[in-house]
Protein chains: 2
Amino acid sequence: MSSDSTFPTVLRQLLRTHQAFLSYAARHVHRLELTLPQYDVIITLGKTAGMQPKKLGEETLITKGTLTGVVSRLEDKGLVERSASKKDGRSQIIRLTEAGRAVYEQTFPEHLAHIGRLFDDYAPEEISKLEADLQRLHQAVITARGDHIEQVDDEF
Amino acid sequence: MSSDSTFPTVLRQLLRTHQAFLSYAARHVHRLELTLPQYDVIITLGKTAGMQPKKLGEETLITKGTLTGVVSRLEDKGLVERSASKKDGRSQIIRLTEAGRAVYEQTFPEHLAHIGRLFDDYAPEEISKLEADLQRLHQAVITARGDHIEQVDDEF
DNA sequence: ATTATCGAATTCTAATTAGAACAATTATTT
DNA sequence: AAATAATTGTTCTAATTAGAATTCGATAAT
């Protein structure tokens, strides 16, 4: 291991930053009587004409078991609708309803501005750099996880 | 706003990296029949002779309502114990039991090594730099949140 | 001293979460 | 074509999560 004992703190900082950001965003979204995952689904669908749950889960980082419930609750609110796919009998297409699209269009610009406020003091290159750095760590996790799967489980 | 439209992607990357890391760590911890928050409590207590729930929550980033349940489940497993504080009648002290300390001592070094594997390709300065960058973003969120609290809620 | 305010922890609720098991459908193999 | 395997989405469970309300003890103000 080429790193010293500083890595626990960077990870703790990752959690802290993640948590702070979520609560910052959630507080804003709660005014719409929506949860953050629900709003995430809406803005993800807002850019498209609908998509399958599988893709929607990949975009929003919501696992499939969870997504079913999130979408159902949005359906109850009349913001989203499910319809069967014609090509694949297993699949569905999830779309915004009229009301859902109205929410999207009326709130997304302001939401974006709200989030963007976090980066008021950032230069564009700084943002890209941070993203690249996070991507590097992400890749390291993927790699380590991959190695780990094949391994014999004699750890601990 | 001095940033262009790249900031949504850096935030998505933050979530992705966070999620990947948690699942990487959780998979390892699950072998102990413990959840990640439970193990986090154990290693946090392991460094000390016990602490109040309030401080424990601050260290682990677990909110107090959640912490009560996490600690109770660890108590059921016999890994942790609560005792009333003598100084403050409202307070409690949470400690590892013998069994809890055994788990800590027998698993923490390997856990640390497991996590450390993520940073095999990092130079120490790179780790510190990443931490500083995350801290900067964290600070930006805190600042923005602070401003926001005082504000009239006419957004959206 | 009494009241009022503050602080610590628990309880409660609705929602999310991951993970496993499942049913239904499609794709692949033989 | 028939059997097998893989994929899609739902359902189920235990745990976590944030947030609000509550209880009880401590502190401050009058």
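Naming: A, B, ... by sequence-line order, numbering from 1 per chain.
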Are OP1 or OP2 of [N] and a side-chain N or O of [X] less than 4.0 angstrom apart?
| X | N | value |
| --- | --- | --- |
| Ser91(A) | dT8(D) | no |
| Arg82(B) | dA8(C) | no |
| Gln52(B) | dG7(C) | no |

Query raised in the report: Parallel, tilted or perpendicular: which describes the rings of His111(B) and Tyr39(B), with under 30° parallel and over 60° perpendicular?
Result: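 His111(B) vs Tyr39(B) ring planes: perpendicular.
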Query raised in the report: Starting at the 5' end of DNA chain C and moving along, which residue's nearest nucleotide shows up first, Thr63(A) or Asp88(A)?
Result: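 Its nearest nucleotide lies further toward 5', so the answer is Thr63(A).
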Query raised in the report: Near DNA chain D, under 4.0 Å by heavy atom, which residues of residues 64-72 of chain A?
Result: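 Contacting residues: Lys64(A), Gly65(A), Thr68(A).
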Please give, in whole Å, the distance from [N] [atom2] to [X] [atom1]?
| X | N | atom1 | atom2 | result |
| --- | --- | --- | --- | --- |
| Gln38(A) | dA14(C) | CD | P | 14 Å |
| Gln19(A) | dT17(D) | CD | P | 8 Å |
| Arg27(B) | dT17(C) | CZ | C1' | 16 Å |
| Ile62(B) | dG19(D) | CD1 | C1' | 16 Å |
| Leu56(B) | dA9(C) | CG | C1' | 13 Å |
| Asp40(A) | dA15(C) | CG | P | 17 Å |
| Arg145(B) | dA18(D) | CZ | P | 11 Å |
| Lys87(A) | dA27(C) | NZ | P | 12 Å |

Requested in this report: Consider the side chain of Pro53(B), meaning its heavy atoms from C-beta on, and name the nucleotide among dA26(D), dT26(C), dA9(C) that approaches it most closely.
Outcome: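 So the nucleotide nearest the side chain must be dA9(C).
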Report task. State which of dT25(C), dT17(C), dA18(C) makes the closest approach to the side chain of Arg90(A). Result ->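 Nearest listed nucleotide: dT25(C).
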Query - Salt-bridge contact Glu125(B)-Lys129(B) (side-chain N to carboxylate O under 4.0 Å) - result: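 No, no charged N to carboxylate O under 4.0 Å.
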Query - NZ/NE/NH1/NH2 to OD/OE distance under 4.0 Å, Glu33(A) and Lys77(A) - result: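 The answer is no: the pair does not qualify as a salt bridge.
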**Report entry** Donor-acceptor side-chain pairing of Gln13(B) and Thr17(B) below 3.5 angstrom
**Finding:**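 Judged by distance alone, the side chains do pair up.
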Query raised in the report: Side chains of Glu131(A) and Thr6(B): is there a donor and an acceptor less than 3.5 Å apart?
Result: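 Not at all, the side chains of Glu131(A) and Thr6(B) share no donor-acceptor pair under 3.5 Å.
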Report task. Could you pick out which residue, Gln92(A) or Gly89(B), lies toward the 5' side of DNA chain D when each is mapped onto its nearest nucleotide? Result ->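 Closest to the 5' end, via its nearest nucleotide, is Gln92(A).
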Query raised in the report: So do Glu110(B) and His28(B) actually touch side chain to side chain, heavy atoms under 4.5 Å?
Result: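 Yes, their side chains come closer than 4.5 Å.
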Query raised in the report: Does the pair Leu79(B) and Leu34(B) meet the rule for a side chain to side chain contact (heavy atoms under 4.5 Å, CB included), with working shown?
Result: CA-CA 11 Å; Leu79(B) 300 177; Leu34(B) 293 171; 3.9 Å; yes
